[in-house]
**Q** 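Would you mind keeping the following structure in view while I ask a few things?
All ligand and atom numbering here is 1-based and tracks the order in the structure. One is the number of the first residue; the rest follow in order along the sequence. Not measured: the values here are computed from a predicted model.
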Amino acid sequence: MPTNMAKAKSTRTKRRAAAAAPVQTLTAAEAAVATMVAHGIDTLYALPGVQNDFLFEALFGAGDRMRTVHTRHEQGAAYMALGAALATGKPQAYAVVPGPGLLNSAAALLTAYSMNAPVLALIGQIPDSDIGRDLGHLHEIRDQAGIIARLVDHSALIRKPEAASRLVANAIRAMSSGRPGPAALECAIDVWGKSGPVTLQAPRPAPAIKVDEGAIRKAAKLLGQAKRPMIVCGGGAQDASEEITALSEMLQAPVLGYRRGRGLLDSRDPLSVTLPLGRDLWGEADVVLAVGTRLLIQLRQWGIDRDLKVIRVDADAQEPSRLHKPAVALIGDAKPILKRLLADLPAHNDKRASRQAEMQERQAVWHKRLDKLAPQIAFLEAIRAELPEDGIFVDEVTQIGFAARLLLPVHKPRTFLSPGYQDNLGWGYATALGAQDARRDVPVLSISGDGGFLFTANEMATAIRHRIPLTCVVFTDGAFGNVRRIQQERFGNRLIASDLANPDFVRFAESFGAAAERVRSPQELRAALNQAFKRRDGPTLIEVPVGPLPSPWEFIFMHRVRGE
Ligand SMILES: Cc1ncc(C[n+]2csc(CCOP(=O)(O)OP(=O)(O)O)c2C)c(N)n1
Ligand SMILES: [Mg+2]
């Protein structure tokens, strides 16, 4: 197109956009809510309080355009937003009062940061002109903005209605541009309700990142000529499952996903591996393509040397060189980068024999050794038999969870939610509740130990109130079992702070109005899950009493296979 024509067209487009966005008189809260709706956020997980009264008034006014799901504790609201974000891949939001409300939600916000999850936190504030004066207002906390700035990369204070829409739009854009992650906006008690002239901001697409063609060619050559290529993927590869599958096939490269990378290559493909086989393969590889992963276990536990060339694909330009200088770093979204790599690779790729039979054999050898975890495996088999392929499994820091990371077959991306490097006990139930709320079309299964479950079990009331059909299985051993086993094995049975007094979990769940039963074997668990997944109007709890379970740690913390 000639330049003058292009200019005329862009002026026309701008004029049309301006015409479509008239100035309206809105409160800051109405502007914030309308902007979230325009950006596809249709649910706010929230717990009210006086600082945010005008926000809830705006939510009431928004009617069906914005659902408000209120929880029983702020950590529940924030974990629910996180679960919804992880299950959908789309931005989600929660709102809480300042001070204790913010701090109650902080573990979930921290987890959203660690997992690069697009969660928007709306946080109340004391009167605008008193912020920072330490006067002792209700819920005042010193330097709230400073605390927030340590938890998220993007934050701002809404000070007038005119700015509200732009600040919300900027926050949502920041949440999914570059390295995704949470954002937070504060707004004072006397600002949410103020009216002013507002131009609602429409969503703008994330800035396109130019793919480095030279780096693509270098990566394609390295991978094409590699004798033992391998792919490692993490949470940043969630949307590139198709490309990873195609690359694996083209290169006959095994794909390692341990927690957040599970399911990117279907577990039924013998090239799809977890730990510990992944570590053996890392020891043999000559070129590794690492997609959306910090590669911490590999570089720190398993080691690195000059014989291994690493190609990093990451949305964050800082990440690839943090621990080790890669041979090639490709910066941007995994999907378009891997698409370009797939287009270039055939020109450089060696003829490759199928590794299917070899990998099948090696998987079988490890499965024999992993049989040490037979009691956990039997329960996981019952779960896999009933949970449909697109059903979502939400992991916890519990014995069955550790085994699931190694052994549960996962068929699709975003169907295995695992808490990343925070590995925070108690994330499970509320995060799963958010996943189930956002994905009503598939069953979601939360697993917990008796320790982790009681962190957010109060949110069963939320499941009842909002008719969220989450199924949870609680494995009860009367202990912080993981801690207890370490005290037995490493500290000569000097048991401290690891035995638990439990409620009757079945009666506990029933008292909320949930369906509940106790089962005593994998067969009984399977039958109970079958019934639970059919129940679509409310939650189910299944308690499974277990004894001490065999330790998985030898398969997780494994010694070095490369370098010094
Ligand atoms: C927020 C948080 N606090 C403490 C821990 C330490 N921790 C790891 S496992 C565990 C015990 C888990 O007990 P339970 O949920 O009953 O699972 P089990 O090991 O008995 O299967 C604890 C306290 C943690 N991971 N996260
Ligand atoms: Mg336990």
Side-chain angles (χ1 to χ4, degrees), residues 73-76 78-79 82-83 103-115 151 258-259 372-380 383 393-408 417-432 445-460 472-491 493-506 508-509 518-520 522 525 541-557:
H73 186 286
E74 282 94 355
Q75 72 168 339
Y79 277 127
L82 173 61
L103 295 184
N104 282 341
S105 78
L109 195 54
L110 167 70
T111 312
Y113 173 79
S114 315
M115 300 182 78
L151 292 169
Y258 167 45
R259 289 185 301 195
K372 184 195 162 196
L373 307 179
Q376 289 99 311
I377 292 172
F379 288 120
L380 291 175
I383 288 170
F393 178 93
V394 183
D395 180 23
E396 246 282 359
V397 193
T398 176
Q399 303 315 305
I400 306 292
F402 298 141
R405 298 170 190 184
L406 303 171
L407 281 155
L408 181 77
L417 307 187
S418 186
Y421 70 82
Q422 289 306 332
D423 233 359
N424 42 346
L425 195 61
W427 97 307
Y429 189 76
T431 304
L445 177 68
S446 157
I447 59 136
S448 302
D450 38 6
F453 178 64
L454 280 191
F455 278 51
T456 51
N458 55 334
E459 301 302 349
M460 291 198 99
C472 74
V473 181
V474 185
F475 292 92
T476 53
D477 60 352
F480 287 135
N482 205 53
V483 177
R484 193 176 197 279
R485 197 181 46 225
I486 292 170
Q487 291 170 351
Q488 280 175 321
E489 292 178 1
R490 284 189 53 202
F491 295 92
N493 211 28
R494 288 158 71 87
L495 301 178
I496 177 165
S498 56
D499 283 318
L500 302 174
N502 278 331
D504 177 327
F505 284 102
V506 170
F508 174 77
R518 187 171 291 114
V519 302
R520 299 198 176 270
L525 174 61
L541 176 143
I542 302 166
E543 183 193 342
V544 188
V546 290
L549 291 163
S551 169
W553 293 112
E554 71 200 75
F555 306 113
I556 296 171
F557 290 122

**Q** Is the closest basic N to carboxylate O distance between Arg484 and Asp477 below 4.0 Å?
**A** no
**Q** Can you name the atoms of ligand 1, numbered from 1 with element, that are less than 4.0 Å from a heavy atom of Asp477?
**A** 20 (O)
**Q** May I ask you to check whether Asn424 has an N/O atom sitting below 3.5 Å from an N/O atom of ligand 1?
**A** no
**Q** Please check if the side chain of Lys372 supplies one atom and the backbone of Ser551 the other of a donor-acceptor pair under 3.5 Å.
**A** yes
**Q** Could you list the atoms of ligand 1 found under 4.0 angstrom from a heavy atom of Gly449?
**A** 14 (P), 15 (O), 16 (O), 17 (O)
**Q** Run the numbers on Tyr429 and Phe453 for ring pair (Phe, Tyr, Trp, His ring centres under 6.0 Å), then give the verdict.
**A** CA-CA 7 Å; Tyr429 189 76; Phe453 178 64; 5.5 Å; yes
**Q** Under a 4.5 Å cut-off applied to non-hydrogen side-chain atoms, are Ser448 and Thr398 in contact?
**A** no
**Q** Can you tell me how far OG of Ser446 sits from CD of Glu396, rounded to the nearest 0.5 angstrom?
**A** 7.0 Å
**Q** Among the N/O/S atoms of Asp450, select the one at the shortest distance from the Mg ion (ligand 2) and name it.
**A** OD1
**Q** What part of Asp423 sits under 4.0 Å from ligand 1 if we count only heavy atoms: the side chain, the backbone, both or neither?
**A** backbone
**Q** Between Phe455 and ligand 1, is there a nitrogen or oxygen pair with a distance under 3.5 Å?
**A** no
**Q** Nearest heavy atom to atom 18 (P) of ligand 1: which of Pro419, Gly481, Pro548, Gly401 does it belong to?
**A** Gly481
**Q** Can you pull out the closest protein heavy atom to atom 13 (O) of ligand 1? Residue, atom name and distance to 0.1 Å, please.
**A** Phe480 CA, 3.4 Å
**Q** Verify salt bridge (Lys or Arg N to Asp or Glu O under 4.0 Å) between Arg405 and Asp395, making sure each step is shown before the conclusion.
**A** CA-CA 8 Å; Arg405 298 170 190 184; Asp395 180 23; 2.6 Å; yes
**Q** Strictly distance-based, threshold 3.5 Å: is any side-chain N or O of Gln487 a donor or acceptor partner for the main-chain N or O of Ile496?
**A** yes
**Q** Which protein non-hydrogen atom lies closest to atom 8 (C) of ligand 1, naming both residue and atom, and how far is it?
**A** Val397 CG1, 3.8 Å
**Q** Identify which one of Val397, Asp499, Leu425 satisfies the side-chain contact (heavy atoms from CB on, under 4.5 Å) criterion when paired with Phe480.
**A** Leu425
**Q** Are side-chain N/O atoms of Arg494 and Gln488 paired as donor and acceptor at under 3.5 Å?
**A** no
**Q** Does Gly452 reach ligand 1 with a nitrogen or oxygen that is under 3.5 Å from one of the ligand's nitrogen or oxygen atoms?
**A** yes
**Q** Hey, which N, O or S atom on Asp477 ends up closest to the Mg ion (ligand 2)?
**A** OD1
**Q** Got an N/O contact under 3.5 Å between Gly451 and ligand 1?
**A** yes
**Q** May I ask you to identify, for Ala479, whether its side chain, its backbone, both or neither come under 4.0 Å of ligand 1 on a heavy-atom basis?
**A** backbone
**Q** Using 30° and 60° as the class limits, which term best fits the ring planes of Phe557 and Trp553: parallel, tilted or perpendicular?
**A** parallel
**Q** Would you say Gly426 touches ligand 1, if touching means a heavy atom closer than 4.0 Å?
**A** no
**Q** Would you please test Leu525 and Val473 for side chain to side chain contact (heavy atoms under 4.5 Å, CB included) and show each step?
**A** CA-CA 9 Å; Leu525 174 61; Val473 181; 4.1 Å; yes
**Q** Any N/O/S atom from Gly478 (main chain or side chain) under 2.8 Å of the Mg ion (ligand 2)?
**A** no
**Q** Taking 4.0 angstrom as the limit and counting only heavy atoms of Val483, give me the atoms of ligand 1 inside it, by number and element.
**A** 10 (C), 22 (C), 23 (C)
**Q** Name the option, out of Leu425, Val546, Thr398, that contains the heavy atom nearest to atom 7 (N) of ligand 1.
**A** Leu425
